[in-house]
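Heavy atoms only: backbone and side chains are in, while hydrogens, waters and symmetry mates are out. These figures come from a predicted structure and were not determined experimentally.
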Amino acid sequence: MAIAHPSVPPGPKGEPIIGNARAFVLEPLEYLRRCAHDYGDVMQIRLGTTAIYMVSSPELIEQVLVTNNKKYRKSRFTQRRKNLFGNGLIFSEGDFWLRQRRLMQPAFHQKRIASYGEAMVAQSQRIAANWQDGQELTMQEEMMQLSLEIVTKTLFDSETTGDIHRIGKALDILIEQVSAAAVRPVQYPDWVPTPG
């Protein structure tokens with residue numbers, strides 16, 4: 001095993017040009033679990049020409065996200081996704097992020113979270129009641145529908161049953177395109193027409 005430069009975390013070597021993209025795309029969670037096991041609490045993988053750093057211990061995650069959060073910036077890849085997702089909590093930084101987080105905080109108060117449990121159970125039971133013995137289901141679609149219904153009910157006190165399939169389909173396409181862009185060796189400017 002080659003010794004990495006002291007400031008660069010260890011990680012799997014990867015393939016020329018695409019880095020670790022192929023292994024990551026095939027089984028992302030299992031791949032990251034294996035890497036964390038093999039390379040420790042801080043490691044690096046490459047998706048194309050982009051280095052991705054993974055922190056896996058709770059203590060280090062707290063340092064990055066809470067204690068020393070001002071020392072870290074979102075990646076260029078993440079910043080470029082703002083055109084799709086807006087400047088919400090996931091994509092914002094600094095004082096703007098803090099303001100948004102404080103605005104959302106009441107929705108995650110302990111009493112509110114307890115009430116969400118009842119809505120989650122009710123939505124889960126409603127969806128499961130439509131399942132029939134011997135019926136074949138695509139669990140990804142069922143769980144996407146359940147997740148969307150729970151989010152709209154608990155956070156927005158709204159029902160989206162009529163639109164849930166359209167919203168789910170749009171989210172599937174969006175996730176697929178963002179995932180494909182993440183592992184693309186060359187990042188095209190947003191104005192370049194691509195099939196996605």
Side-chain angles (χ1 to χ4, degrees), residues 1-14 18-21 23-25 27-116 147-148 150-152 154-156 171 174-192 196:
M1 173 158 88
I3 306 230
H5 186 276
S7 64
V8 177
K13 184 175 181 202
I18 66 169
N20 309 104
F24 176 76
V25 168
E27 290 183 291
L29 294 177
E30 176 57 24
Y31 181 70
L32 292 177
R33 187 199 63 73
R34 264 194 335 267
C35 287
H37 177 268
D38 294 346
Y39 299 101
D41 290 340
V42 180
M43 64 103 186
Q44 172 190 208
I45 64 170
R46 281 188 317 104
L47 300 180
T49 58
T50 303
I52 307 288
Y53 300 95
M54 186 172 90
V55 178
S56 57
S57 82
E59 297 80 19
L60 292 175
I61 292 169
E62 183 178 23
Q63 280 184 21
V64 170
L65 297 179
V66 180
T67 311
N68 298 318
N69 65 59
K70 290 185 180 356
K71 293 182 179 180
Y72 300 95
R73 297 187 48 86
K74 307 279 189 206
S75 70
R76 283 188 314 239
F77 177 82
T78 302
Q79 292 296 330
R80 288 187 59 208
R81 303 291 79 78
K82 281 185 182 181
N83 63 341
L84 293 173
F85 297 102
N87 197 21
L89 195 61
I90 293 173
F91 295 93
S92 60
E93 296 182 286
D95 291 338
F96 187 75
W97 171 85
L98 185 59
R99 188 174 135 260
Q100 288 193 316
R101 184 184 178 283
R102 286 182 177 152
L103 287 171
M104 289 185 66
Q105 197 162 347
F108 296 97
H109 188 275
Q110 188 173 359
K111 288 180 183 176
R112 296 279 301 272
I113 292 200
S115 72
Y116 297 161
S147 299
L148 289 171
I150 287 171
V151 165
T152 54
T154 57
L155 296 182
F156 305 111
L171 278 174
L174 188 61
I175 290 166
E176 181 181 304
Q177 293 303 314
V178 169
S179 298
V183 298
R184 193 177 298 130
V186 176
Q187 297 296 316
Y188 304 111
D190 292 335
W191 53 265
V192 172

Self-check item: Pair E62-V55, side-chain contact (heavy atoms from CB on, under 4.5 Å): steps then yes or no
Solution: CA-CA 10 Å; E62 183 178 23; V55 178; over 6 Å; no

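- Within the 3.5 Å criterion, the main-chain N or O of I45 finds no donor-acceptor partner in the side chain of Y39.
- Within the structure, every pair that satisfies the salt bridge (charged side-chain N to carboxylate O under 4.0 Å, His left out) test and touches residues 88-97, not counting sequence neighbours, is listed here: R73-E93.
- R33 pairs by the side chain to side chain donor-acceptor pair (under 3.5 Å) definition with E30, not counting sequence neighbours.
- Among all heavy-atom pairs drawn from A21 and L47, the shortest one is CA-CD2, 3.7 Å.
- The shortest non-hydrogen separation linking Y31 to F24 is CD2-CA, 3.9 Å.
- Within the 4.5 Å cutoff, the side chain of Q44 has heavy atoms near those of the V8 side chain.
- Summarising the geometry of F108 relative to I113, their closest heavy-atom pair is O-CD1, 3.5 Å, with the distance given to 0.1 Å.
- Of all non-hydrogen atoms in Q100 and S92, the two that sit nearest each other are OE1-OG, 3.1 Å.
- Counting non-hydrogen atoms of other residues, nucleotides and ligands closer than 6.0 Å to CZ of R99 gives a total of 12 or fewer.
- A donor-acceptor contact shorter than 3.5 Å is absent between the side chain of D38 and the backbone of C35.
- Summarising the geometry of M54 relative to A36, their closest heavy-atom pair is CE-CB, 3.5 Å, with the distance given to 0.1 Å.
- Applying the salt bridge (Lys or Arg N to Asp or Glu O under 4.0 Å) rule to R102 yields no partners; only residues at least two apart in sequence or on another chain are considered.
- Distance check: K70 NZ to W97 CH2 gives 8.5 Å after rounding to the nearest 0.5 Å.
- Residues E59 and T67 are not in side-chain contact: their nearest non-hydrogen atoms beyond the backbone lie 4.5 Å or more apart.
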